[in-house]
Amino acid sequence: MFDKEIEFSTHEDYFETKEDYPTPIKLNIPEWYKKLEHSWLKVTIKGCMPFLDSLTAGYLLKMPQDLYIRHNVDVTNEKGETFKDSFQTYGLHDHTNSLWSKKINLNSDIQVHRVNQLEGSPLVDKNKNFPFYKILNPWRIKTPKGYSCLFVSPLNNSDDRFSIMSGIVDTDTFPTEINFPIVINGDKYPVLETTIKKGTPYVQIIPFKRDSWKIKFRSRTQKEVVNSRIFYGLKLLNIYKERFWNKKSWK
């Protein structure tokens, strides 16, 4: 069986820097997970293949430049009036981090979703009622015909300061870069001043084939239910991995 191919392309000037290329996300497994042990004496999440699959499915985008954030901070205007505001600036502390955006004239192109575009969403409260700024992504993503991509914050390994708005894009037909609106974690950081550093992981990309589905319901007999749960009673350490799990390949 031939591997499907996902293509990442970018402006030639940024491509030549050879910095922060997308990678298989399996190269970003967190250190705390690597250090876990899993045995009869110490059963841990490291023995849970669904959890591992979430860490290794698909590809990873990293920040192409520094993003400086001052969110829900006090600001005083010329009249001496104080109010809350939010600012985001690219490459504020190190202008070399803005190389790609300078080359393709995006350095000042701060993009947002306005609050009224998400009226009623709990994300508005989480983001403290400020606009949702977008991270500018230099990579166009191309998948084979019939394949789309799910974009999420890195599963079970996301940054605690922010997340992206999850979305699905038909990347076999969409002709340009996808920029990612972010939500500040206002539940943990009511006020935040930070720099999301160049190279920080921020998006997990999971390609999938578009299929048509329909829902079906049926009842199960007591015997079927009991038989389906028998494996829970088997005293095997890695029963799911050994009997049910299918290895996936992301390269």
inquiry  = I'd like to know if the side chain of Thr56 reaches the main chain of Leu52, judged simply by a donor and an acceptor atom lying under 3.5 Å from each other, with no hydrogens or angles considered.
reply    = yes
Spacing of NZ belonging to Lys197 relative to CG belonging to Asp66, to within rounding of 0.5 Å = 4.0 Å
key: Contacts of type side-chain hydrogen bond (donor to acceptor under 3.5 Å, both in side chains), residue Thr171, not counting sequence neighbours   = Thr143
Co-membership, hydrophobic cluster, residues Ile206 and Ile25, 4.5 Å side-chain = no
key: Residues forming a salt bridge (charged side-chain N to carboxylate O under 4.0 Å, His left out) with Lys251, sequence neighbours excluded   = Asp3
ask   = From Lys142 NZ over to Arg140 CZ, what is the distance, rounded to the nearest 0.5 angstrom?
value = 5.0 Å
message = Could you work out, with salt bridge (charged side-chain N to carboxylate O under 4.0 Å, His left out) as the rule, every residue matching Glu193, not counting sequence neighbours?
response = Arg70
Closest non-hydrogen atom pair between Cys149 and Ile205, with its separation = SG-CG2, 3.7 Å
note = For Trp250, the ring pair (Phe, Tyr, Trp, His ring centres under 6.0 Å) test, sequence neighbours excluded, returns Tyr59
inquiry  = Is it the case that atom CD in Glu224 sees more than 12 heavy atoms from other parts of the structure closer than 6.0 Å?
reply    = yes
inquiry  = Would you compute the distance between atom NZ of Lys35 and atom OG1 of Thr44 and round it to the nearest 0.5 angstrom?
reply    = 14.5 Å
query = Any Lys/Arg nitrogen of Glu19 or Lys198 sitting under 4.0 Å from an Asp/Glu carboxylate oxygen of the other?
reply = yes
inquiry  = Treating Gln204 as the side-chain partner and Gly58 as the backbone partner, does any N or O pair qualify as donor plus acceptor under 3.5 Å?
reply    = no
remark   = Taken in chain and number order and not counting sequence neighbours, the residues that satisfy ring pair (Phe, Tyr, Trp, His ring centres under 6.0 Å) with Phe8 are none
inquiry  = With side-chain contact (heavy atoms from CB on, under 4.5 Å) as the criterion, how do Val124 and Phe130 come out once you've worked through the C-alpha distance, each side chain's angles and the decisive distance to 0.1 Å?
reply    = CA-CA 7 Å; Val124 173; Phe130 288 108; over 6 Å; no
ask   = Do Thr10 and Pro138 come close enough that some side-chain heavy atom pair is under 4.5 Å?
value = yes
ask   = Residues in salt bridge (charged side-chain N to carboxylate O under 4.0 Å, His left out) with Lys46, at least two apart?
value = none
query = Quick one: are Asn185 and Lys126 in side-chain contact, heavy atoms under 4.5 Å?
reply = yes
request  = Identify the two heavy atoms, one from Phe151 and one from Val203, that lie closest to each other, and give their separation to 0.1 Å.
outcome  = CD2-CG1, 3.9 Å
message = Apply the hydrophobic cluster definition, ILVMFWY joined by side-chain contacts under 4.5 Å directly or through others, and give me every member besides Val73.
response = Val75, Phe83, Phe87, Val191
ask   = To the nearest 0.5 Å, what is the distance between CG (Leu192) and CG (Asn72)?
value = 9.5 Å
ask   = With sequence neighbours excluded, what pairs up with Ser219 under the side-chain hydrogen bond (donor to acceptor under 3.5 Å, both in side chains) test?
value = none
task = May I ask whether Val183 and Leu118 are part of the same hydrophobic cluster, defined by side-chain heavy atoms of I, L, V, M, F, W, Y residues being less than 4.5 angstrom apart, directly or through others?
result = yes
key: Ile182 side chain near Lys134 side chain, heavy-atom distance below 4.5 Å   = no
query = Do Asn127 and His71 have side-chain heavy atoms sitting under 4.5 Å apart?
reply = yes
request  = Can you measure from CG (Asn179) to CD1 (Ile135) and round to the nearest 0.5 angstrom?
outcome  = 9.5 Å
key: Nearest heavy atoms of Pro131 and Arg114, plus distance in Å   = CG-NH1, 3.8 Å
task = Check the side chains of Ser148 and Asp170 for a donor-acceptor pair under 3.5 angstrom, ignoring hydrogens and angles.
result = yes
request  = Decide yes or no for Trp139 and Pro22: does some side-chain heavy atom of the first lie under 4.5 Å from some side-chain heavy atom of the second?
outcome  = yes
Non-hydrogen side-chain atoms of Asp20 and Met63 separated by less than 4.5 Å = no
query = Does a side-chain heavy-atom distance below 4.5 Å link Ile6 with Ile141?
reply = yes
query = For Ile215, which fellow cluster members are found when Ile, Leu, Val, Met, Phe, Trp and Tyr are connected by side-chain heavy-atom distances below 4.5 angstrom, either directly or through intermediates?
reply = Phe217
message = Starting from Phe174, can I reach Leu136 by hopping between I/L/V/M/F/W/Y residues whose side chains sit under 4.5 Å apart?
response = yes
key: Shared hydrophobic cluster, Leu27 / Leu55 (ILVMFWY, side-chain heavy atoms < 4.5 Å)   = no
Connected-component partners of Tyr147 among ILVMFWY, side-chain separation under 4.5 Å = none
ask   = With distance as the sole test, does His113 use its side chain to make a donor-acceptor pair with the main-chain N or O of Phe132 at under 3.5 Å?
value = no
key: Nearest heavy atoms of Phe180 and Leu61, plus distance in Å   = CE1-CD1, 3.6 Å
request  = Please report the shortest heavy-atom distance between Leu60 and Pro154, naming the atom on each side.
outcome  = CD1-CG, 4.2 Å
Side chain proximity check, Tyr202 to Asn137, heavy atoms < 4.5 angstrom = yes
ask   = Same hydrophobic cluster for Val225 and Phe244, using side-chain heavy-atom links shorter than 4.5 Å among ILVMFWY?
value = no
Donor-acceptor pairs under 3.5 Å, side chain of residues 155-168 to any protein atom, not counting sequence neighbours: which ones?
residue : atom : partner : partner atom : Å
Asn156  : ND2  : Ser54   : OG           : 2.9
Asn157  : ND2  : Asn28   : O            : 3.1
Asp159  : OD1  : Arg161  : N            : 2.8
Asp159  : OD1  : Arg161  : NE           : 2.9
Asp159  : OD2  : Arg161  : NE           : 3.4
Asp159  : OD2  : Arg161  : NH2          : 2.8
Asp160  : OD1  : Tyr189  : OH           : 3.4
Asp160  : OD2  : Lys188  : NZ           : 2.5
Asp160  : OD2  : Tyr189  : OH           : 2.8
Arg161  : NH1  : Thr194  : OG1          : 2.8
Arg161  : NH1  : Thr195  : O            : 3.2

note = Taken to the nearest 0.5 Å, the spacing of Asp172 CG from Lys209 NZ works out to 10.5 Å
request  = Name all residues meeting the side-chain hydrogen bond (donor to acceptor under 3.5 Å, both in side chains) criterion together with Glu81; count only those two or more places apart in sequence or in a different chain, and write none if there are none.
outcome  = Asn77
key: Lys248 side-chain N/O to Asn246 backbone N/O, donor-acceptor pair under 3.5 Å   = yes
